[in-house]
*Asks:* 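Just dropping this structure here.
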Amino acid sequence: QVQLVESGGGLVQAGGSLRLSCAASGRTFSSYAMGWFRQAPGKEREFVAAVDWRGGSTVYAASVKGRFTISRDNAKNTVYLQMNSLKPEDTAVYYCAAGRGGSWLSGFEYWGQGTQVTVSS
């Protein structure tokens, strides 16, 4: 079982930056793939970014590629999402997710409670 707690959300102006963190409990964090998803009001949850268990491979949604960077520190049981050049359309609740399979291709079984990101124009 893995518990995930996100932090770092807030209000930022367009063009600004935020870094989200997701702290995970459990001794097997380093074997999990980690991902970030988001859900805007009235919309379905969508994939943002993911990193494999080693941190050596990442994947991004087209809408954030080149602006967001996912990374992980297995020694700290933490995954990060650095968000630069933020746009109002990035406004959403951001969720951290963990997958036992080690790769995002295997899906995600565990979810955090989410952190709100609001980008003002």
Side-chain angles (χ1 to χ4, degrees):
Q1 189 79 351
V2 175
Q3 291 186 326
L4 305 172
V5 178
E6 302 96 335
S7 62
L11 174 65
V12 64
Q13 289 188 332
S17 298
L18 281 176
R19 188 176 82 155
L20 305 183
S21 299
C22 174
S25 65
R27 294 175 292 177
T28 56
F29 171 81
S30 61
S31 69
Y32 284 65
M34 299 299 297
W36 287 96
F37 291 74
R38 66 187 182 186
Q39 187 168 19
K43 296 187 177 181
E44 294 187 352
R45 188 175 298 187
E46 65 175 2
F47 170 79
V48 175
V51 59
D52 72 352
W53 65 277
R54 292 177 300 177
S57 184
T58 57
V59 62
Y60 297 91
S63 59
V64 307
K65 196 169 185 179
R67 300 188 298 123
F68 291 10
T69 302
I70 188 171
S71 62
R72 66 189 298 161
D73 185 339
N74 286 345
K76 295 182 178 180
N77 279 17
T78 302
V79 64
Y80 304 98
L81 185 68
Q82 178 66 44
M83 305 186 295
N84 298 329
S85 302
L86 283 161
K87 304 175 181 180
E89 51 263 44
D90 294 319
T91 295
V93 176
Y94 283 71
Y95 297 90
C96 175
R100 294 192 302 264
S103 166
W104 55 82
L105 297 175
S106 301
F108 299 90
E109 294 84 17
Y110 305 103
W111 296 84
Q113 294 300 306
T115 185
Q116 177 70 46
V117 171
T118 303
V119 185
S120 63
S121 57

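Keep in mind that this is a model prediction, so the values were computed, not measured. All residue numbers in this chain count up from 1 along the given sequence.
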*Asks:* Tell me the closest heavy-atom pair linking A92 and A40, and the distance in Å.
*Replies:*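 In this case the closest contact between A92 and A40 is CB-N, 3.8 Å.
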*Asks:* With clusters defined by side-chain heavy atoms of hydrophobic residues (ILVMFWY) lying less than 4.5 Å apart, directly or transitively, does V79 cluster with F108?
*Replies:* no
*Asks:* Considering only residues two or more places apart or on different chains, which pairs with a residue in residues 52-78 satisfy salt bridge (charged side-chain N to carboxylate O under 4.0 Å, His left out)?
*Replies:* R67-D90
*Asks:* Considering residues at least two apart in sequence or located in another chain, which fulfil the side-chain hydrogen bond (donor to acceptor under 3.5 Å, both in side chains) criterion with E89?
*Replies:* none
*Asks:* In Å, rounded to the nearest 0.5 Å, how long is the span from NZ of K87 to OG of S121?
*Replies:*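 Interatomic distance, K87 NZ to S121 OG, rounded to 0.5 Å: 14.0 Å.
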*Asks:* What distance do L20 atom CG and F68 atom CZ have between them, rounded to the nearest 0.5 Å?
*Replies:*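 Atom-to-atom, L20:CG and F68:CZ are 8.0 Å apart.
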*Asks:* Can you tell me how far the OG atom of S30 sits from the CG atom of N77, to the nearest 0.5 Å?
*Replies:* 7.5 Å
*Asks:* When hydrophobic residues are tied together by side-chain contacts of less than 4.5 Å, even through go-betweens, does F37 share a cluster with V59?
*Replies:*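 Hydrophobic grouping puts F37 with V59.
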*Asks:* Enumerate, atom names and distances included, each donor-acceptor pair closer than 3.5 Å involving a side-chain atom of residues 1-9, sequence neighbours excluded.
*Replies:*
residue : atom : partner : partner atom : Å
E6      : OE1  : Q113    : N            : 3.1
E6      : OE1  : G114    : N            : 2.9
E6      : OE2  : C96     : N            : 2.8
E6      : OE2  : G114    : N            : 3.2

*Asks:* So which heavy atom on K43 is nearest to which on Q39, and how close?
*Replies:* O-NE2, 3.0 Å
*Asks:* Hydrophobic cluster membership, with links at side-chain heavy-atom distances under 4.5 Å among I/L/V/M/F/W/Y: are Y60 and V117 in one?
*Replies:* yes
*Asks:* Give me each pair satisfying ring-ring contact (aromatic ring centres under 6.0 Å, His included) with a member in residues 76-107, each pair once, sequence neighbours excluded.
*Replies:* none
*Asks:* Identify whether W53 and Y110 are in the same connected component of the hydrophobic contact network (ILVMFWY, side-chain heavy atoms under 4.5 Å).
*Replies:* no
*Asks:* Work out which heavy atom in I70 is nearest to a heavy atom in W36; give both atom names and the distance.
*Replies:* CD1-CD1, 3.6 Å
*Asks:* S106: which residues meet the side-chain hydrogen bond (donor to acceptor under 3.5 Å, both in side chains) condition with it, sequence neighbours left out?
*Replies:* none
*Asks:* Taking side-chain contact (heavy atoms from CB on, under 4.5 Å) as the definition, give me every residue that meets it alongside S17, ordered by chain and number, with sequence neighbours left out.
*Replies:* Q82, N84
*Asks:* Considering residues at least two apart in sequence or located in another chain, which fulfil the side-chain contact (heavy atoms from CB on, under 4.5 Å) criterion with L11?
*Replies:* T118, S120
*Asks:* Considering only distance and modelled atom types, tabulate donor-acceptor pairs under 3.5 Å from the side chains of residues 44-51, sequence neighbours left out.
*Replies:*
residue : atom : partner : partner atom : Å
E46     : OE2  : R38     : NE           : 2.6
E46     : OE2  : R38     : NH2          : 3.1

*Asks:* Distance check, rounded to the nearest 0.5 Å: W111 atom CH2 versus C22 atom SG?
*Replies:* 11.0 Å
*Asks:* Indicate the atoms forming the closest heavy-atom contact of V119 with T91, along with that distance.
*Replies:* N-OG1, 2.9 Å
